[in-house]
Amino acid sequence: MGDIEAPNSSQPRPSILLSVLPSKEFASSRKGMLLIAEVALSFVSFVCFAASTAAAFVTVPLLEFLAALFLLFAYSTKFNERFKGFLWPLMDFMRCVTASIIFFIISIMAVSKYVDGSSKAAGIFGFIATIVFALDFYLIFNELATFLKQGGESNDEPSRQQDEYSDSDSD
């Protein structure tokens with residue numbers, strides 16, 4: 001009698017956590033897997049740096065964690081499609097380039113300068129994060145280069161234009 005919710009309710013309530021997580025379709029895509037790896041590696045590196053004597057480097061993994069988390073949310077909820085004024089691929093490219101360079105530098109410093117295990121672990125996770133961020137910016141660069149080679153047109157436009165040219169040639 002004192003129950004707030006009836007035990008036999010006909011509609012299941014979606015949990016709040018499921019509404020925040022990326023969709024299965026996006027999470028299984030290449031970009032989704034890279035962003036999830038970036039979020040996870042940045043967070044682990046942040047925790048390791050926070051527990052080490054190299055705590056001065058804790059800012060970089062925290063900022064990269066937050067940036068990757070924001071882009072994961074933006075891409076998974078299609079937030080980026082609502083704001084066409086931003087150059088999302090260029091922003092993502094610049095984030096990945098700077099993250100890979102800075103992660104590489106602080107990882108070298110953490111591994112070579114500090115002797116505690118947490119610093120060494122943070123450096124190793126930083127090196128792995130460097131590889132993931134570098135792979136991401138390489139793939140983004142290839143997509144941008146392909147887009148620019150097409151003259152900035154969408155995939156549908158060139159095929160329609162080629163059909164129109166072939167129709168006018170046959171007249």
Side-chain angles (χ1 to χ4, degrees), residues 12-150 152:
R13 286 181 37 189
S15 81
I16 295 173
L17 182 62
L18 290 177
S19 64
V20 175
L21 292 175
S23 66
K24 187 175 182 179
E25 175 185 314
F26 179 74
S28 62
S29 70
R30 181 175 61 190
K31 183 65 178 175
M33 288 187 283
L34 281 172
L35 277 171
I36 290 170
E38 290 169 5
V39 167
L41 288 168
S42 297
F43 182 73
V44 170
S45 181
F46 165 72
V47 170
C48 290
F49 273 122
S52 72
T53 57
F57 301 128
V58 77
T59 306
V60 173
L62 177 63
L63 290 177
E64 293 305 328
F65 167 73
L66 294 174
L69 191 65
F70 170 72
L71 280 176
L72 177 66
F73 176 76
Y75 285 141
S76 65
T77 60
K78 302 201 185 308
F79 181 74
N80 60 330
E81 293 177 3
R82 288 186 253 163
F83 292 96
K84 300 281 187 191
F86 292 112
L87 299 173
W88 290 94
L90 185 61
M91 288 182 354
D92 197 13
F93 177 76
M94 293 304 296
R95 176 190 65 88
C96 290
V97 168
T98 56
S100 63
I101 292 169
I102 294 173
F103 259 116
F104 185 68
I105 292 169
I106 67 169
S107 296
I108 289 175
M109 292 176 69
V111 169
S112 64
K113 189 176 178 183
Y114 298 94
V115 294
D116 62 321
S118 299
S119 297
K120 302 284 184 196
I124 297 300
F125 282 113
F127 283 128
I128 297 169
T130 299
I131 293 168
V132 171
F133 279 107
L135 177 65
D136 197 9
F137 85 70
Y138 174 74
L139 294 173
I140 293 170
F141 178 77
N142 282 342
E143 290 174 7
L144 286 175
T146 304
F147 178 74
L148 291 175
K149 282 181 185 176
Q150 294 175 351

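- Distance alone, capped at 3.5 Å, is enough to place a donor-acceptor pair between the Thr130 side chain and the Phe104 backbone.
- No side-chain heavy atom of Ile105 sits under 4.5 Å from any side-chain heavy atom of Val60.
- Phe49 is not listed as a side-chain neighbour of Phe125, based on a closest heavy-atom distance of 4.5 Å or more.
- To the nearest 0.5 Å, atom CZ of residue Phe137 and atom CG of residue Asn142 are 10.5 Å apart.
- Other residues, nucleotides and ligands place more than 12 heavy atoms under 6.0 Å from the OH atom of Tyr75.
- Side-chain contact between Leu69 and Phe73 is absent, with no heavy-atom pair separated by less than 4.5 Å.
- The OG1 atom of Thr59 lies 9.0 Å from the CZ atom of Phe46; values are rounded to the nearest 0.5 Å.
- Between the side chain of Ser45 and the main chain of Leu41, no donor-acceptor pair closer than 3.5 Å is present.
- Below 30°, between 30° and 60°, or above 60°: for Phe103 and Phe133 the angle between ring planes is below 30°, a parallel geometry.
- With hydrogens and angles ignored, the 3.5 Å screen pairs no side-chain donor or acceptor of Ser119 with any backbone N or O of Val115.
- Scanning for side chain to side chain donor-acceptor pair (under 3.5 Å) contacts around Glu38 gives Arg95, with sequence neighbours left out.
- Partners of Lys31 under the salt bridge (charged side-chain N to carboxylate O under 4.0 Å, His left out) rule, at least two apart in sequence or in another chain, are Asp92, Asp136.
- Taking both residues in full, the closest heavy atoms of Ile140 and Cys96 are given as CD1-SG, 4.2 Å, listed atom of the first, atom of the second, then distance.
- The CD1 atom of Ile124 sits 7.0 Å away from the CD1 atom of Ile128 when rounded to the nearest 0.5 Å.
- The number of heavy-atom neighbours closer than 6.0 Å to CE of Met94, taken from other residues, nucleotides and ligands shown, is 12 or below.
- Put simply, CD1 on Ile102 and OG on Ser107 are 11.5 Å apart, with the number rounded to the nearest 0.5 Å.
- A pairwise comparison of heavy atoms in Cys48 and Ala121 identifies SG-CB, 4.1 Å as the closest pair.
- With values rounded to the nearest 0.5 angstrom, Leu71 atom CG is found 10.5 Å from Phe79 atom CZ.
- A heavy-atom distance below 4.5 Å is found between the side chains of Phe127 and Val111.
- Put simply, CG on Leu144 and CG on Leu139 are 11.0 Å apart, with the number rounded to the nearest 0.5 Å.
- Across every non-hydrogen atom of Met33 and Ala27, the tightest pair is CG-O, 3.3 Å.
- With Ser28 contributing its side chain and Glu25 its backbone, the two residues share a donor-acceptor pair below 3.5 Å.
- Of all heavy-atom pairs between Ala37 and Val132, the closest is CB-CG1, 4.1 Å.
- In the displayed structure, Tyr114 atom OH is contacted under 6.0 Å by more than 12 heavy atoms of other residues, nucleotides or ligands.
- The nearest pair of heavy atoms linking Ile106 to Pro61 is CD1-CD, 4.2 Å.
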